[in-house]
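In this chain, numbering begins with 1 at the start of the sequence shown. Every value quoted in this text rests on a predicted model; they were computed, and no experiment measured them.
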Amino acid sequence: MGIKRFLRMASEAVTKFIFIAAGIVICAPVFLVVTGSVMGQGDLYECLAPVFQQGTGFVSWKLIPQYPTVENYIHLLFYSPEFFVLFWNSAKLVSLILLGQMLVGVPAAWAFATYRVRGKNVIFTIYVVLMLLPFQVTMLSSYLTLDSMSLLNTHWAVILPAVFGTFPIFVIYGGFRSLPIALIEAARIDGAGELRIFWLLGIGLGKGGILSALVLGFLEYWNMIEQPFAFLEDKTLWPLSLYLPEISWTQAGSAFAASVVMLVPAVFVFVMGQDYLEQGIVYSGLKG
C-alpha cells in the first residue's frame with residue numbers, strides 16, 4: 001500500500017509540475033509584454049540592442065524593470081491620435097458585426113432547431129461546410145462580390161461578410177437544441193404564438209448559446225487581421241489589430257503599451273463570459 005500511495009503521489013506531483021510549467025510558458029509572452037510596457041527607453045534599448053543596431057548577439061530581458069515608468073502609456077493615450085481612431089474603428093466594427101449576427105443568426109438557429117422543413121438537414125450541412133472553409137478560400141469570391149457592390153474600402157466590406165457568417169448560427173443552434181421539445185410543444189398546445197415561444201423559451205432559456213456566440217465572436221473579431229487587410233486600403237479605416245505592425249522598433253515602448261491596451265478588452269470579455277464560453281464549446285459538440 002505504501003508503494004502504491006507513493007507512486008500515486010509522485011504521479012500527481014509530476015502532473016501538477018507539467019501543468020504549471022505549461023501555464024508559465026503560455027503566460028510568459030503576456031508577462032513580457034506587460035513588463036515591456038513599463039520599461040523606459042534606456043532599458044528597452046539595452047534589452048533590444050541587437051534588434052535596434054541590427055548587430056550580432058541575442059535579445060535579453062529583465063523580469064523587473066530597473067526604472068519602471070508609465071511614459072509609454074502617456075505617449076500612447078495622449079500623444080497618439082491615430083491610436084484612438086483605430087480603437088474606435090475596432091469598437092465600431094465589432095459592435096456592428098455582433099449586432100448583425102444576433103439579428104440574423106438567432107432566428108436562423110431557432111428555425112433550424114425547432115421547425116421540420118424538407119431539406120433542412122441539407123441546408124444545415126452546407127452551413128457546416130461553409131463554417132469549415134478558411135478565409136483564404138472565400139477571400140477572392142468575397143472580394144469580387146464586394147467590388148461589384150462598391151463596398152470595398154468601407155467598413156461594410158468587413159461587417160457584412162461577418163454578419164452572415166455560419167459559426168454563430170452553429171453555436172446558437174446547439175443551445176436551442178438543448179431545450180426540451182416537449183416544452184415547446186406544450187407551449188403550442190396552450191395557444192402560445194410562434195413569436196411568443198421564440199421570445200420566452202428560445203431567447204429566455206437558450207441565452208447560454210447566444211451569449212457564448214457573443215463571447216466567441218468578440219474574441220475573434222477584436223483580433224481580426226486578414227479581413228480588414230484584404231478589403232480596406234485606407235489606413236484610417238483599419239482596426240486596432242492592424243495598428244501594432246505599423247509601429248516601428250524605435251517605438252518599442254508604445255508597441256508594448258498598445259498591446260496591453262488591446263489585450264484588456266479581450267481579457268475582460270473572456271473572464272466575464274468564461275462560463276458561457278464553456279457552454280458554447282459543449283453546444284458545438286451536440287449532434288444536430
Side-chain angles (χ1 to χ4, degrees), residues 82 84-113 119-120 122-176 198 202-203 206 209-246 262 265-266 269 273 276-277 280 283-284:
E82 66 277 7
F84 288 97
V85 173
L86 272 63
F87 187 92
W88 165 246
N89 289 341
S90 288
K92 174 184 176 182
L93 289 172
V94 174
S95 300
L96 292 178
I97 287 173
L98 295 181
L99 177 62
Q101 286 184 345
M102 293 302 102
L103 294 176
V104 174
V106 174
W110 177 256
F112 279 124
K120 181 185 71 172
V122 175
I123 297 176
F124 189 75
T125 301
I126 295 175
Y127 265 64
V128 174
V129 172
L130 291 175
M131 181 185 68
L132 298 177
L133 294 178
F135 171 74
Q136 292 82 358
V137 175
T138 59
M139 180 177 64
L140 179 58
S141 59
S142 298
Y143 186 92
L144 295 176
T145 302
L146 294 170
D147 184 41
S148 64
M149 299 173 65
S150 300
L151 293 177
L152 286 178
N153 203 32
T154 67
H155 280 159
W156 293 110
V158 178
I159 295 171
L160 290 180
V163 164
F164 295 97
T166 58
F167 182 71
I169 298 176
F170 182 74
V171 175
I172 300 172
Y173 167 83
F176 288 152
F198 168 68
I203 303 297
I210 298 174
L211 293 175
S212 64
L214 286 173
V215 173
L216 291 170
F218 182 90
L219 296 177
E220 177 181 359
Y221 294 110
W222 182 256
N223 300 302
M224 62 179 172
I225 293 179
E226 295 174 327
Q227 296 92 326
F229 190 77
F231 300 144
L232 300 179
E233 182 179 356
D234 189 354
K235 292 185 178 181
T236 60
L237 299 175
W238 280 5
L240 188 58
S241 55
L242 294 181
Y243 173 72
L244 299 180
E246 293 295 305
M262 185 176 179
V269 171
Y276 299 111
L277 183 61
Y283 293 152
S284 64

Check whether any side-chain heavy atom of [X] sits under 4.5 Å from a side-chain heavy atom of [Y], and report yes or no.
{"X": "Q227", "Y": "L232", "value": "no"}
{"X": "P161", "Y": "T145", "value": "no"}
{"X": "V128", "Y": "T125", "value": "no"}
{"X": "L242", "Y": "I225", "value": "yes"}

What are the two closest heavy atoms between [X] and [Y], and how far apart are they?
{"X": "W222", "Y": "P265", "value": "CZ2-CG, 3.7 Å"}
{"X": "L240", "Y": "S90", "value": "N-OG, 2.6 Å"}
{"X": "F218", "Y": "L98", "value": "N-CD2, 3.9 Å"}
{"X": "L151", "Y": "L160", "value": "CD1-CD1, 3.7 Å"}
{"X": "A162", "Y": "Q101", "value": "O-NE2, 2.9 Å"}
{"X": "I172", "Y": "A213", "value": "CG1-CB, 3.8 Å"}

Just how far is it from atom [atom1] of [X] to atom [atom2] of [Y], taken to the nearest 0.5 Å?
{"X": "I169", "Y": "F112", "atom1": "CD1", "atom2": "CZ", "value": "6.5 Å"}
{"X": "L214", "Y": "M102", "atom1": "CG", "atom2": "CE", "value": "4.0 Å"}
{"X": "I159", "Y": "F164", "atom1": "CD1", "atom2": "CZ", "value": "11.5 Å"}
{"X": "S141", "Y": "L146", "atom1": "OG", "atom2": "CG", "value": "9.0 Å"}
{"X": "L130", "Y": "F170", "atom1": "CG", "atom2": "CZ", "value": "13.0 Å"}

For the pair [X] and [Y], name the ring-plane relationship: parallel under 30°, tilted 30 to 60°, perpendicular over 60°.
{"X": "W110", "Y": "F176", "result": "perpendicular"}
{"X": "Y143", "Y": "F231", "result": "tilted"}
{"X": "F229", "Y": "W238", "result": "tilted"}

Query raised in the report: Considering residues, nucleotides and ligands other than E233, do more than 12 of their heavy atoms fall under 6.0 Å from its CD?
Result: no
Report task. Report, as yes or no, whether the 6.0 Å neighbourhood of atom NZ on K92 holds more than 12 heavy atoms from other residues, nucleotides or ligands. Result -> no
Query raised in the report: What's the verdict on ring pair (Phe, Tyr, Trp, His ring centres under 6.0 Å) for F124 and Y173, showing C-alpha distance, side-chain angles and the deciding distance?
Result: CA-CA 10 Å; F124 189 75; Y173 167 83; 4.3 Å; yes
Query raised in the report: side chain to side chain contact (heavy atoms under 4.5 Å, CB included) between V158 and M224: does it pass, once the steps are laid out?
Result: CA-CA 10 Å; V158 178; M224 62 179 172; 3.4 Å; yes
Requested in this report: Take L93 and Y221 through the test side chain to side chain contact (heavy atoms under 4.5 Å, CB included) and record every step on the way to the result.
Outcome: CA-CA 8 Å; L93 289 172; Y221 294 110; over 6 Å; no
Query raised in the report: Would you say the side-chain atoms of D234 pair up with the backbone N or O of N153, donor to acceptor, closer than 3.5 Å?
Result: no
Query raised in the report: Can K235 and L86 be said to form a side chain to side chain contact (heavy atoms under 4.5 Å, CB included), step by step?
Result: CA-CA 9 Å; K235 292 185 178 181; L86 272 63; over 6 Å; no
Query raised in the report: Where do T154 and L237 land on the side chain to side chain contact (heavy atoms under 4.5 Å, CB included) test, with the steps shown first?
Result: CA-CA 7 Å; T154 67; L237 299 175; 5.5 Å; no
